[in-house]
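Quick notes on the structure that follows.
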Amino acid sequence: MATVRANDAAVTVDLKWWERIFAAGRPRLVVPTGVIARASVVDQPTRWTATPGGRSGIVVTGVLKIGRWGLGTGMRYFVSTRRNRPALRLELTHEGADLTGYDVVLVSTADAAALADALTSGSRTPETGSSEPASTSGSPGNADVHH
């Protein structure tokens with residue numbers, strides 16, 4: 001699944017090659033922190049209530065959702081979620097929606113709560129988060145932690 005990284009400037013969602021098919025070929029989605037109106041956690045992101053409306057993407061009912069959701073609702077959702085993995089939900093300002101093409105970004109990551117807290121409080125201590133298995137990598141001064 002996608003990897004989520006955050007710092008003072010932006011939240012970056014790096015997509016796997018197969019997820020790019022459902023994101024118009026984008027390798028990543030970069031959301032500047034200044035256009036995030038609200039950050040929160042969705043505990044069950046594969047439920048219909050988390051991603052209402054029609055879709056342009058892939059869904060394996062109750063297991064995963066990837067692509068664009070919200071068709072017919074007036075809201076555009078970028079979704080990359082999976083069962084048993086909480087998701088970081090970023091609600092964007094109008095400027096952010098114009099910039100990214102989405103009103104809401106919903107991405108599963110083990111660090112959803114820490115990232116949402118950091119984005120809400122203005123503290124960027126959890127520099128990265130990911131939906132990948134736990135390991136540590138990166139160079140000194142670049143604390144990349146993959147979960």
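Values in this document were obtained by computation on a predicted structure and should not be read as measured data.
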- prompt: What residue among Val31, Leu88, Ile36, Val11 forms side chain to side chain contact (heavy atoms under 4.5 Å, CB included) with Val105?
  reply: Val31
Note, Thr46 side chain near Val63 side chain (heavy atom, < 4.5 Å): no
query: Looking at Ala2 and Leu15, what are the two nearest heavy atoms and their distance?
result: CB-CD2, 3.8 Å
message: Hydrophobic cluster membership, with links at side-chain heavy-atom distances under 4.5 Å among I/L/V/M/F/W/Y: are Val59 and Trp18 in one?
response: no
- request: Indicate yes or no: at least one non-hydrogen side-chain atom of Ile58 is less than 4.5 angstrom from one of Leu64.
  value: yes
Pairs flagged by salt bridge (charged side-chain N to carboxylate O under 4.0 Å, His left out) wherever residues 20-33 is involved - sequence neighbours left out: Asp14-Arg28
task: Compare every heavy atom of Arg85 with every heavy atom of Pro45, then report the nearest pair and how far apart it is.
output: CG-O, 3.4 Å
message: Between Ser108 (side chain only) and Arg82 (backbone N and O only), is there a donor and an acceptor less than 3.5 Å apart?
response: yes
Residue pairs passing the ring-ring contact (aromatic ring centres under 6.0 Å, His included) test where at least one lies in residues 46-96, sequence neighbours excluded: Phe78-Tyr102
- request: Looking only at non-hydrogen atoms, find the nearest pair between Thr73 and Gly53 and report the distance.
  value: CG2-CA, 3.6 Å
task: Determine the minimum heavy-atom distance between Ala10 and Thr33, stating which atoms define it.
output: N-CG2, 3.7 Å
Ser80 side chain near Val13 side chain, heavy-atom distance below 4.5 Å: no
task: State plainly whether one hydrophobic cluster holds both Val79 and Met75, where clusters connect Ile, Leu, Val, Met, Phe, Trp and Tyr through side-chain heavy atoms under 4.5 angstrom apart.
output: yes
query: In Å, rounded to the nearest 0.5 Å, how long is the span from CZ of Arg89 to OG1 of Thr81?
result: 12.0 Å
field: Audit row: Leu119, Leu90, side-chain contact (heavy atoms from CB on, under 4.5 Å) steps and yes/no
entry: CA-CA 9 Å; Leu119 290 164; Leu90 303 176; 3.8 Å; yes
statement: Applied to residues 30-45, the salt bridge (charged side-chain N to carboxylate O under 4.0 Å, His left out) test, sequence neighbours excluded, yields Arg38-Glu91
- request: Sequence neighbours left out, what pairs pass side chain to side chain donor-acceptor pair (under 3.5 Å) with at least one residue falling in residues 52-63?
  value: none
- prompt: Nearest heavy-atom pair of Ala116 and Val41: which atoms, and what distance?
  reply: CB-CG2, 3.8 Å
query: Is it the case that one hydrophobic cluster holds both Leu92 and Leu29, taking links as side-chain heavy atoms less than 4.5 Å apart, direct or via other members?
result: yes
Within residues 64-75 or reaching into it, pairs that qualify as salt bridge (charged side-chain N to carboxylate O under 4.0 Å, His left out) - sequence neighbours excluded: none
message: Measuring from atom CE of Met1 to atom CD1 of Ile66, what distance do you get when rounded to the nearest 0.5 angstrom?
response: 4.5 Å
statement: In short, Ala50 meets Leu106 closest at the heavy-atom pair O-CD2, 3.9 Å
query: What salt bridge (charged side-chain N to carboxylate O under 4.0 Å, His left out) pairs are there with at least one residue in residues 92-108, not counting sequence neighbours?
result: Arg76-Asp103
